[in-house]
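Report on one structure; see the data block that follows.
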Amino acid sequence: MRKELKGSGASEGIAFGAVWFPAKGISKIAEGYKKEDAQREREKLDSAVKRTAERMNSLADSARKRGETAQADVLEAHAMIAEDPLILEAADKLIEEGSGAQEAIMQAAEEQAKCLAAIDDEYLKERAVDVRQAAHEVATELCGGCRGPIPEGKVVIAGVDIEPSQIAAVPKEQLAAIIICGGTTLGHACILARERGIPAVSLREDAFSSLSSEMGVLVDGSCGVVIVEPSAEEIKKAEKTAVSEEALHGPAVMRDGAEVTLRANVGNAEEAVESQKKGASGIGLFRSEFLFIGRDSLPDEEEQYEAYKKAVEACGKAPCIIRTLDVGGDKKLPAFPIPKEDNPFLGVRGIRAELRNETVLRTQLRALLRAAACGHCAVMLPMVTNPSEIDRVKVIAGEELMALKEEGKEAVLPNFGAMIETPAAAVCAENIAKHAGFFSIGTNDLAQYTLAADRTNEAVADIGDALHPAVLRLIKHTIEAANAAGIPVTICGEIASDTLAAPILAAMGRVALSMGAGSLSRVRSALRAVSMEEAGEKLEKALSLEDAKAVREFLK
């Protein structure tokens, strides 16, 4: 019987498939586990940990070869957590006290996860989920690796804490969509869905409980809806939409001939190469922090240079905009310590952190100056609130350029731009434009600071919608300031990949939109469906409405 379950869209698109719950709860898996003496339990645990880490790393290698870098990074992190000496030491102690290996690893991990979850830091709370998932993998290995078989045909993975290894286990061509129970759109399952370009929806527990194994569902990530047992006509329409979107390449030309530049957001050089194959006109955001994450030491100049050079060369004549290290807030790096702050989102983050750690900044700038000699490279500075921050970076870059030339290394000064992420920067965009070579509007942070709604907090997710008229007005003002100053401007937050928002963003002025490569076709299709004049009329109406909910209802 057809039923419509309403939730929140976590990754755009629409697809049909059979529901698959990939693993039983550990309590069920462990029912047949036979405990032996302490020495034997320790040996079993050591062996299971080794097999789990090897399997995770093998899955990571395969994912990286497919260009799924975010998934590879998560799998490698889980492999490291599985071998975490602190957790294993605690598990050994529990085994010595009489626990079985599977019970010991789960209990030891749970204790660490609780400690992380208790800290008032969203990044560490997400890491608590990682610890539990990695321990679950080891416990499952100990119990014989009992896993539900992957059904034939298109699969829709459904679960509370969907593990990266479970997503990686499904062949790329078979995985249709993901349904999660609760959580935020910043969880690993949602991030990986966006990387793969497949739809994902988050359902509340009462709606999620309506799902059953092998049930046919239509997942609409754009509308945040899951249709149980859809009609043949609905399935056919969804399949037709998916095929037409996949086939779309080339410029995003609106119905009256107006062109909108679409670029890609990437985390490394491999993603940069793949994004250009999918029709991106350059890179609007290269998140350089992904070179720094998951390691105890900072990448040196040469390693950074090789990564930036590859990305720049992949873009050809199109721009490759590389953001300098964006650390702080919810992004913590072991090798780049920042003192504990009561409110890290309003503390030392982005360019503020870089200017307090000039050695790290200088190394990155040297790599970027060298990469700029290889093509159209531009450098974006995160969290700019004052023009003086841009000027200081330019001074440092000039000093490093002279040093590089003295060393006989080829290097040039790139164009330095400001990331507009705070209301202050948006309101004073005219002043900042006098010092910046371009603007990039980070709408995720701009929305959270404007609406006082933490973007990682599920409880205020509906409040922090970037389609709120207040946020739209700040975006429009910033674009107008950039256009008046004659500098390029790109929108690189999540709103750029929103098919409802893309047309009205295009109507704000000369602007490029940058998004995950998996969203390029859908946004291109949405832009082709309307004229610039129609989009302008919708924009004026949207700006006059009371809140984001009213704007979304109107645009639908």
Side-chain angles (χ1 to χ4, degrees), residues 263 266 268-269 272 282-292 297-327 333 335-336 350-420 425 431-440 482 485-490 492:
R263 297 185 179 131
V266 302
N268 56 46
I283 303 300
L285 169 61
F286 183 113
R287 300 182 177 94
S288 69
E289 59 268 20
F290 282 100
L291 291 171
F292 294 73
S297 60
L298 297 170
D300 61 19
E301 177 188 327
E302 204 60 34
E303 181 182 349
Q304 291 189 60
Y305 165 64
E306 290 298 332
Y308 305 149
K309 176 187 175 185
K310 186 173 181 179
V312 169
E313 291 178 340
C315 294
K317 294 181 179 180
C320 178
I321 301 175
I322 300 174
R323 182 173 67 190
T324 57
L325 178 60
D326 190 11
V327 67
L333 300 180
F336 194 105
I351 193 63
R352 302 170 183 178
E354 295 176 74
L355 290 173
R356 294 190 181 200
N357 294 269
E358 275 197 18
T359 301
V360 178
L361 176 60
R362 286 178 181 274
T363 299
Q364 183 167 35
L365 285 175
R366 285 172 61 89
L368 289 166
L369 293 173
R370 292 171 62 192
C374 303
H376 191 167
C377 176
V379 177
M380 178 202 308
L381 307 179
M383 198 67 180
V384 168
T385 50
N386 296 302
S388 59
E389 293 162 334
I390 304 171
D391 293 341
R392 177 57 187 157
V393 172
K394 286 181 179 179
V395 169
I396 295 172
E399 293 171 353
E400 293 304 327
L401 178 66
M402 291 178 62
L404 286 167
K405 288 188 174 180
E406 288 175 1
E407 296 167 21
K409 295 179 180 177
E410 190 176 358
V412 299
L413 279 176
N415 197 9
F416 285 96
M419 199 162 188
I420 306 299
N431 295 336
I432 295 176
K434 296 173 185 176
H435 300 254
F438 65 93
F439 281 165
S440 289
I487 62 173
V489 57
T490 300
C492 54

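Side chains included, hydrogens not; waters and symmetry mates left out as well; all remaining heavy atoms used.
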Considering all heavy atoms, the nearest [X]-[Y] contact:
{"X": "Cys492", "Y": "Ser440", "value": "SG-CB, 4.2 Å"}
{"X": "Ala318", "Y": "His376", "value": "O-CB, 3.6 Å"}
{"X": "Val379", "Y": "Pro414", "value": "CG2-CG, 3.5 Å"}
{"X": "Ala411", "Y": "Lys405", "value": "O-CE, 3.9 Å"}
{"X": "Lys309", "Y": "Cys374", "value": "CG-SG, 3.8 Å"}
{"X": "Thr363", "Y": "Pro299", "value": "CG2-O, 4.5 Å"}

In the structure I gave you, are the side-chain heavy atoms of [X] and [Y] within less than 4.5 Å of one another anywhere?
{"X": "Phe286", "Y": "Cys377", "result": "no"}
{"X": "Arg352", "Y": "Thr385", "result": "yes"}
{"X": "Cys320", "Y": "Tyr308", "result": "no"}

To the nearest 0.5 Å, how far apart are [atom1] in [X] and [atom2] in [Y]?
{"X": "Glu301", "Y": "Leu368", "atom1": "CD", "atom2": "CG", "value": "10.0 Å"}
{"X": "Ile420", "Y": "Ile432", "atom1": "CD1", "atom2": "CD1", "value": "4.5 Å"}
{"X": "Asp326", "Y": "Met383", "atom1": "CG", "atom2": "CE", "value": "9.0 Å"}
{"X": "Glu302", "Y": "Gln304", "atom1": "CD", "atom2": "CD", "value": "10.5 Å"}
{"X": "Asp300", "Y": "Glu303", "atom1": "CG", "atom2": "CD", "value": "6.0 Å"}
{"X": "Leu285", "Y": "Arg287", "atom1": "CG", "atom2": "CZ", "value": "4.5 Å"}

Point to revise | Leu413 vs Leu369, side chain to side chain contact (heavy atoms under 4.5 Å, CB included): CA-CA, chis, key distance, verdict | key: CA-CA 6 Å; Leu413 279 176; Leu369 293 173; 3.7 Å; yes
Taking distance alone, no hydrogens or angles, what donor-acceptor pairs closer than 3.5 Å link side-chain atoms of residues 390-401 to residues at least two apart or in another chain?
from: Asp391; atom 1: OD1; to: His435; atom 2: ND1; distance (Å): 3.0
from: Asp391; atom 1: OD2; to: His435; atom 2: ND1; distance (Å): 3.1
from: Arg392; atom 1: NE; to: Glu358; atom 2: OE2; distance (Å): 3.3
from: Arg392; atom 1: NH2; to: Glu358; atom 2: OE1; distance (Å): 3.4
from: Arg392; atom 1: NH2; to: Glu358; atom 2: OE2; distance (Å): 2.8
from: Lys394; atom 1: NZ; to: His435; atom 2: O; distance (Å): 2.6
from: Glu399; atom 1: OE1; to: Arg362; atom 2: NH1; distance (Å): 3.1
from: Glu399; atom 1: OE1; to: Arg362; atom 2: NH2; distance (Å): 2.7
from: Glu400; atom 1: OE1; to: Arg366; atom 2: NH1; distance (Å): 3.4
from: Glu400; atom 1: OE2; to: Arg362; atom 2: NH1; distance (Å): 2.7

Practice item. Check the pair Thr324, Phe416 against side chain to side chain contact (heavy atoms under 4.5 Å, CB included), reporting the backbone distance first and the verdict last. Key: CA-CA 10 Å; Thr324 57; Phe416 285 96; over 6 Å; no
Check your understanding: Judged by atom type as modelled, is there a donor-acceptor pair below 3.5 Å linking the side chain of Gln364 to the main-chain atoms of Leu325?
Key -> yes
Review point. Excluding sequence neighbours, so at least two apart, what forms side-chain hydrogen bond (donor to acceptor under 3.5 Å, both in side chains) with Glu410?
Key: none
